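Read the structure below first, then the notes.
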Amino acid sequence: AQKITQTQPGMFVQEKEAVTLDCTYDTSDPSYGLFWYKQPSSGEMIFLIYQGSYDQQNATEGRYSLNFQKARKSANLVISASQLGDSAMYFCAMREGGTGNQFYFGTGTSLTVIP
Amino acid sequence: EAEVAQSPRYKITEKSQAVAFWCDPISGHATLYWYRQILGQGPELLVQFQDESVVDDSQLPKDRFSAERLKGVDSTLKIQPAELGDSAMYLCASSLYRAQPQHFGDGTRLSIL
């Protein structure tokens, strides 16, 4: 089974609107961490936001927030007030295990912001 | 420009040749990772170092790939001999310790002819 599933290969959003990128994960480990990364066409992976499995509140970082639903094993990224510079690939990732030995990425979602 | 330094940025070589990639992590970061990212896919972890020790290399094709981090700082990933299927982006990342978010370099784009 896939550890990280991103079901949206491509998404479009109007500038200044909000968009949600979906991510579901699969683990039986009680301790894990969830990450979102942005990869522009230049190739560098840019860390956006982190959610730990024991965190009680959803993580937020500026215009990024993580909608963490533990029972459903989903960790959706919400980008508010989209900007043209948000156009990129977005990857959901999971660190499995307390010591972080296993790290998995999803297949990514390509986001295009339309002016 | 990324804080994690990688070189070269691009590498074109013929199959059966040897190729090496270099990575210098963020100063003080104990954990270093090498990933392979095939076009259109997410990164796949190849090897993970804690200081100079390998903590996970279960996905590293050890018959042709090797990685080292001799002094626990910079690292080298080598492929010998290179095969056509090795064409990909090779990403290096580092983190302060294993559970922390990883910071990535710009990557090395490898093309095998």
Side-chain angles (χ1 to χ4, degrees), chain A residues 2-10 21-25 29-55 59 61 64 66 75 77 88-110, chain B residues 1-11 21 23 25-26 29-51 53-60 88-111:
Chain A
Q2 291 289 331
K3 287 289 186 179
I4 296 288
T5 301
Q6 294 180 254
T7 58
Q8 307 155 312
L21 307 183
D22 295 341
C23 173
T24 58
Y25 58 93
D29 198 314
S31 177
Y32 55 89
L34 298 158
F35 304 79
W36 278 92
Y37 286 86
K38 171 184 178 182
Q39 188 176 41
S41 56
S42 58
E44 182 190 356
M45 298 283 284
I46 302 166
F47 166 70
L48 296 177
I49 196 166
Y50 165 78
Q51 180 87 41
S53 59
Y54 296 117
D55 293 343
E61 289 286 348
Y64 305 108
L66 201 152
L77 177 70
M89 284 291 291
Y90 288 81
F91 290 95
C92 180
M94 176 175 68
R95 166 192 58 78
E96 194 174 46
T99 56
N101 270 13
Q102 299 299 322
F103 208 85
Y104 305 96
F105 278 81
T107 52
T109 295
S110 176
Chain B
E1 195 168 295
E3 293 180 77
V4 174
Q6 285 190 251
S7 66
R9 192 73 194 272
Y10 303 93
K11 181 71 177 179
F21 315 122
C23 172
I26 294 173
H29 279 198
T31 313
L32 186 146
Y33 310 80
W34 282 102
Y35 290 87
R36 176 172 58 187
Q37 185 178 20
I38 295 170
L39 192 63
Q41 299 182 19
E44 173 194 21
L45 181 64
L46 294 176
V47 62
Q48 180 182 169
F49 289 92
Q50 181 67 25
D51 299 310
S53 301
V54 174
V55 296
D56 183 78
D57 62 356
S58 55
Q59 300 304 311
L60 189 70
M89 174 78 89
Y90 289 82
L91 294 164
C92 178
S94 71
S95 62
L96 197 56
Y97 54 92
R98 270 181 266 168
Q100 287 292 296
Q102 298 170 27
H103 299 267
F104 285 78
D106 290 333
T108 296
R109 193 174 296 278
L110 174 67
S111 296

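Note on naming: letters A, B, ... go to the chains in the order of the sequence lines (proteins, then strands), and numbering restarts at 1 for each one. Please read all numbers here as calculations on a predicted model, not as lab measurements.
Remark: B:Phe49 engages no residue in a ring-ring contact (aromatic ring centres under 6.0 Å, His included) (not counting sequence neighbours). Shown here are the side chain to side chain contact (heavy atoms under 4.5 Å, CB included) partners of B:Tyr10, two or more places apart in sequence or in another chain: B:Arg109.
When each of A:Phe105, A:Phe91, A:Tyr90 is paired with A:Tyr37, the ring-ring contact (aromatic ring centres under 6.0 Å, His included) condition holds for A:Phe105 and for no other.
By number of non-hydrogen pairs under 4.5 angstrom with chain A, the leading residue of B:Gly40, B:Gly42, B:Pro101 is B:Pro101. Among A:Met89, A:Met45, A:Gln6, the residue with the largest count of heavy-atom pairs under 4.5 Å with chain B is A:Met45.
At a 4.5 Å heavy-atom cutoff, B:Tyr97 makes no contact with chain A through either its backbone or its side chain. When heavy atoms are compared at a cutoff of 4.5 Å, B:Gln102 approaches chain A by way of both its backbone and its side chain.
For A:Thr107 and B:Gln41, the side-chain atoms include no donor-acceptor pair closer than 3.5 Å.
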